[in-house]
There are 2 protein chains.
Amino acid sequence: MKTSFENLSVELLKKEIRPSYQRIKVLEYLIAKRCHPTVDQIFNDLVKEVPTLSKATIYNTLNLLIKAKLVRVVTIEDNETRYDITMSNHGHFKCELCGTIFDFKVNIDNFMADKLSEFKINERDVYFKGICPSCLKYKK
Amino acid sequence: MKTSFENLSVELLKKEIRPSYQRIKVLEYLIAKRCHPTVDQIFNDLVKEVPTLSKATIYNTLNLLIKAKLVRVVTIEDNETRYDITMSNHGHFKCELCGTIFDFKVNIDNFMADKLSEFKINERDVYFKGICPSCLKYKK
DNA sequence: TCAATTTTTATAATAATTATAAATATATAA
DNA sequence: TTATATATTTATAATTATTATAAAAATTGA
Ligand SMILES: [Mn+2]
Ligand SMILES: [Mn+2]
Ligand SMILES: [Zn+2]
Ligand SMILES: [Zn+2]
């Protein structure tokens, strides 16, 4: 997905979502910062640029983008919901020390369990937790 | 893990957790009902037997059991935290129609991503969503 | 321009979880 | 056993995340 305002507008219109200023701002943010931000992070950063912004708008926009399958939810932790603009299949690793969330490639089709042959699978999430390389180094 | 009161007590004592009546009740519940219950389900069912029970005790007990690695959290949905007594490696499938959560075997080591070779992995969660066989049948 | 519709904002309501302190239960030592 | 200390549970308050509601602002189309 291209970052320009024009392109983002087109993407939204394709999904029959009106490209309001706030919606574009949220999309731009998710594309620029690929750190899987929380609602609070998105809001606190964007409100600097858009002082009238409301947190309800962030929630509304994200829920809209999720329904349109432009954004996915990352529930790697039970106490914080995070959002990800990347919809391609990939796993998430959260470092228990620094909190960073890393993307990693994962061939989910390869480990499709036999038991699930009769299930219709719509969504696949792989969440790992542990210590990231730089935190491992630091600990020594 | 055996279901008897004696055996559960021993399990808790191994982890240096005092086997109080309430803690045993929660453990028994999780073993009997392997449906990945929410705090509310656990509380509402147990309060029938233990009328003085407090919801805070359910939270306290679960957090204790999680820290002791006797129970794991299932965050397959961002709006409801569920709990699972089975600690062996397995994936979870949630049916989007009936809400049932199914366990399935998954060989997580097989699909270990290359990128993660430098990461220390402590926890692995695999969450799938879709439609379960009986709901698929019903839809036709 | 003007009315209809959509979106945003501000605020209230709801729900999940944690914190606090008093009450209860359990363990230990005299 | 009884007294005392410690741990656990309970009731309640506080906090936080999210959704609901309605008014204000922006956008659309005639
Ligand atoms: Mn990601
Ligand atoms: Mn399970
Ligand atoms: Zn780290
Ligand atoms: Zn089903």
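Every chain is numbered from 1, with letters handed out A, B, ... down the list of sequences.
- Which of dA11(D), dT9(D), dT17(C) sits closest to the side chain of Arg23(B) comes down to dT9(D).
- To the nearest angstrom, C1' of dT7(C) lies 8 Å from CD of Gln22(A).
- If you find the closest nucleotide of DNA chain C to Asn60(B) and to Glu80(B), the one lying nearer the 5' end belongs to Glu80(B).
- For the side-chain contact (heavy atoms from CB on, under 4.5 Å) with Ser9(B), the lone residue among Leu27(B), Ile24(B), Ile17(B) that qualifies is Ile24(B).
- An OP1 or OP2 oxygen of dA17(D) is reached within less than 4.0 angstrom by no side-chain nitrogen or oxygen of Asn79(A).
- Between Ala56(A) and Asp40(A), the residue whose closest nucleotide on DNA chain D is further toward the 5' end is Asp40(A).
- Ring geometry, Phe119(A) versus Phe102(B): the interplanar angle exceeds 60°, so the pair is classed perpendicular (tilted spans 30 to 60°).
- Between Ser54(B) and Asp78(B), the one whose closest nucleotide on DNA chain D sits nearer the 5' end is Ser54(B).
- Ile58(B) has its CD1 atom 15 Å from the C1' atom of dT18(C), to the nearest Å.
- The only option from Thr86(B), Asp84(B), Leu62(B) that meets the side-chain contact (heavy atoms from CB on, under 4.5 Å) definition with Leu30(B) turns out to be Leu62(B).
- Taking the six-membered ring where tryptophan is involved, the planes of His36(A) and His90(A) are tilted, since the angle between them lies from 30° to 60°.
- Protein atom CG of Leu64(A) is 13 Å distant from nucleotide atom C1' of dT8(C), rounded to whole Å.
- The nearest whole Å value for the distance from the NZ atom in Lys67(B) to the C1' atom in dT18(C) is 13 Å.
- Between the C1' atom of dT10(D) and the CG atom of Leu53(B) lies a distance of 9 Å, rounded to the nearest Å.
- As rounded to whole Å, 13 Å separates atom P of dT9(C) from atom NZ of Lys25(A).
- Taking atom NZ on Lys55(A) and atom C1' on dT18(D), their separation rounds to 10 Å, with Å as the unit.
- Contact between the side-chain N/O atoms of Arg18(B) and the OP1/OP2 oxygens of dT26(C) is not found at any separation under 4.0 Å.
- The only option from Thr57(A), Ile58(A), Ile31(A) that meets the side-chain contact (heavy atoms from CB on, under 4.5 Å) definition with Val26(A) turns out to be Ile58(A).
- Regarding contacts with the backbone of dT8(C), a side-chain N or O of Ser20(A) is found under 4.0 angstrom from either OP1 or OP2.
- With rounding to whole Å, Tyr59(A) atom OH is found 9 Å from dT16(D) atom C1'.
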